[in-house]
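Okay, structure first, notes after.
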Amino acid sequence: MTVRTRFAPSPTGFLHIGGARTALFSWAYARKHAGQFILRIEDTDVARSTPEAVQAILDGMAWLGLDWDEGPFYQMQRMDRYKEVIQKMLDEGKAYYCYSSKEELEALREYQMANQLKPRYDGRWRPEEGKALPAPPVDVQPVIRFKNPQTGVVSWDDLVKGTITISNEELDDLIIARADGTPTYNFCVVVDDWEMGITQVIRGDDHVNNTPRQINMLMALGAAIPQYAHLSMILGDDGQKLSKRHGAVSVMQYDDDGYLPQAVLNYLARLGWSHGDDEIFDMAQFCQWFDLDHITPSAAQFNTEKLNWLNAHYIKQLNGTDLVQDIEKRLALQQVKVAEQPVLAKAIDLYKERANTLNELANSIAYFYQLPETDAAALEKHITPDILPVMQALSVRLSEINWTAEQIHHEIETCVKQNGFKFPKVAMPLRVMLTGGAQSPSIDAVMAILGQQETISRIRRFIN
RNA sequence: GUCCCCAUCGUCUAGAGGCCUAGGACACCUCCCUUUCACGGAGGCGACCGGGGUUCGAAUCCCCGUGGGGACGCCA
């Protein structure tokens, strides 16, 4: 049987890191088995769903490069089909009208909680043989409930967590259609997973408790039961649950923050899944290796430092020319305009080994295009009065040479020797004068890129 | 409260009864490289939640505790 997986977000917000990992695993499973990956938008909560959120999810998927084979399907466009199935269930006695008001149900819930019982519908409108139902009130629009089995257990072999068994006594008759006639989540999922032929449902483990209900409905419909894999949640950097208030950000935020999608993907793949000791791999490799047997059943804490390490790794893999457009954009956001000279790609190549993020990279080379502010401590430490005449003389010599890193190095070396200095005695003041700080790559390489005229002009700012 | 799930270094994890004196990665520390800072290289620190079983033998299997998480909506 062909593998068919799906990612089914509800468009009530952006695609966050947890959703992204769920999508990634579903996608990889389908790719691994040469199956199909389906995107389904669960937008039946009309009040909270927005077109912007749909777009945000699509954008997130696109940025990550998670492509789907079918869809996106929108549940709101499948209303007629859901209603058909509901009618069929009513006709077959598998579902029934319930006239309990929200207030009534609320009172029931409170009573049960107060008596240390699990809050659940008591079946007062559930038709049974020989049971007399109350007369339907005229002013209440009924909801429709699924007639859940009352005895026995539901059990499934979860691909991540192992066998899970839940007693039907724990379940109640859930609402499958609201008073206004619209079907609810648990019902739509069942119809869709069934009719879309989903073979493996890979989703967050907050759905574990929905699974027995869905299996019961699937069985009532005579549908095949898919396999289930429930992924544990991702905790924030501080071990706390991610929430809107706390650390849950759009995957697109990682783009803004200067992370490469390949780094985020690689990081997410290793969060809760492993392939021996392998840490660094691309998505082609991941799709070959991925399986559900090596998923950790416990929650995983997000670790930005490890993401940084991976991101730094992937930045190093790229060439300056690959990154020119991206870095230019990031510099522009900081009002730094990239002039034709120095050549941006060369500056990137010089700095890409020392950046964790593209934003850091952009920041670190901004001084090539914009006079840097000089760090006060570095200034005091390295640009001492005695060094100024040396710099003056050096600047004259520099104005007379061919502007190559070798020639520059030679000039600095000569200057060092003539004065009986060690190399840093000259290199450090140059660093501070040219870059504004005391850390930079090899100073002759910096100067070669900065340009002869600009180098000399920056040095001379400090003389007189 | 009821039900369900989870539990190896600070973090992500390897581990399917003997290969475990518990391995790798991030972070941290030391040293090397060096023109400063990085990169890179070599080392180091550091964990099986507790208690009972089962077994010749348990990180691995079972039970109980403890701790953490999830679910209990006319949300998804």
Might you work through the salt bridge (Lys or Arg N to Asp or Glu O under 4.0 Å) test for A:R40 and A:D193, ending with a clear yes or no? CA-CA 10 Å; A:R40 185 169 81 216; A:D193 285 343; 3.0 Å; yes

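Look at the C1' atom in both B:rU54 and B:rC61: the space between them is 8 Å, to the nearest Å. Separating the P atom of B:rA27 from that of B:rC39 is a span of 8 Å, rounded to the nearest Å. Nucleotides B:rC62 and B:rC20, compared at atom C1', are 22 Å apart to the nearest Å. Nucleotides B:rG24 and B:rA42 have their P atoms positioned 12 Å apart, rounded to a whole Å. With P as the reference atom, B:rC28 and B:rG70 are 30 Å apart, rounded to whole Å. Taking atom P on both B:rC45 and B:rU30, the two are 15 Å apart, rounded to the nearest angstrom. Of the P atoms belonging to B:rG46 and B:rU13, the separation is 23 Å, rounded to the nearest Å. A gap of 12 Å separates the C1' atoms of B:rC9 and B:rC26, to the nearest Å.
Both tests pass for A:R145 against the ring of A:Y121: distance under 6.0 Å to the centre and angle within 45° of the axis.
Using a 4.0 Å heavy-atom criterion, one finds that A:H275 contacts no nucleic acid atom at all. In this structure, A:T435 reaches neither bases nor backbone, as no heavy-atom distance under 4.0 Å exists between it and the strands shown.
Contact annotation: side chain of A:E279 to base of B:rG24, donor-acceptor pair present below 3.5 Å. Checked by distance alone, A:N210 brings a side-chain donor or acceptor within 3.5 Å of a matching partner on the base of B:rA76. With hydrogens and angles left out, the side chain of A:D206 and the base of B:rG70 share no donor-acceptor pair within 3.5 Å. Below the 3.5 angstrom threshold, one finds no donor paired with an acceptor across the side chain of A:R120 and the base of B:rU2.
B:rC28 is paired with B:rG44 under the criterion used here, namely a Watson-Crick or G-U wobble arrangement in which both key atom distances are under 3.5 Å. For B:rC3, the paired nucleotide is B:rG70, the pair qualifying as Watson-Crick or G-U wobble because both relevant distances are below 3.5 Å. Across all strands shown, B:rG65 pairs with B:rC49; the Watson-Crick or G-U wobble distances both stay below 3.5 Å.
A residue-by-residue look at A:F302 and A:Q439 shows that A:F302 has its nearest nucleotide of RNA chain B further toward the 5' end.
Distance A:H207 NE2 to B:rG69 C1': 16 Å, rounded to the nearest Å. Atom-to-atom, CG of A:D291 to P of B:rA16 comes out at 15 Å; the value is rounded to the nearest Å. Summarising the geometry, the separation between CG on A:L171 and P on B:rC4 is reported as 12 Å, rounded to the nearest angstrom.
Within the structure, every side-chain polar atom (N or O) of A:S442 is placed at least 4.0 Å from both OP1 and OP2 of B:rU35. OP1 or OP2 of B:rG70 sits under 4.0 Å from a side-chain N or O of A:K241. Using a 4.0 Å cut-off, some side-chain N or O of A:S274 falls inside it from OP1 or OP2 of B:rA14. A close approach under 4.0 Å does occur between a side-chain nitrogen or oxygen of A:T44 and OP1 or OP2 of B:rA76. Residue A:R109 places at least one side-chain N or O under 4.0 Å from the OP1 or OP2 atom of B:rG73.
Using the six-membered ring where Trp is involved, A:F302 and A:Y254 have ring planes that are tilted, between 30° and 60° apart.
Within 6.0 Å of the NZ atom in A:K381, the count of heavy atoms belonging to other residues, nucleotides or ligands does not exceed 12.
Within the 6.0 Å centre-distance limit, the rings of A:F281 and A:W289 are counted as a close aromatic pair. Aromatic pair A:F7/A:W27: ring centres not closer than 6.0 Å.
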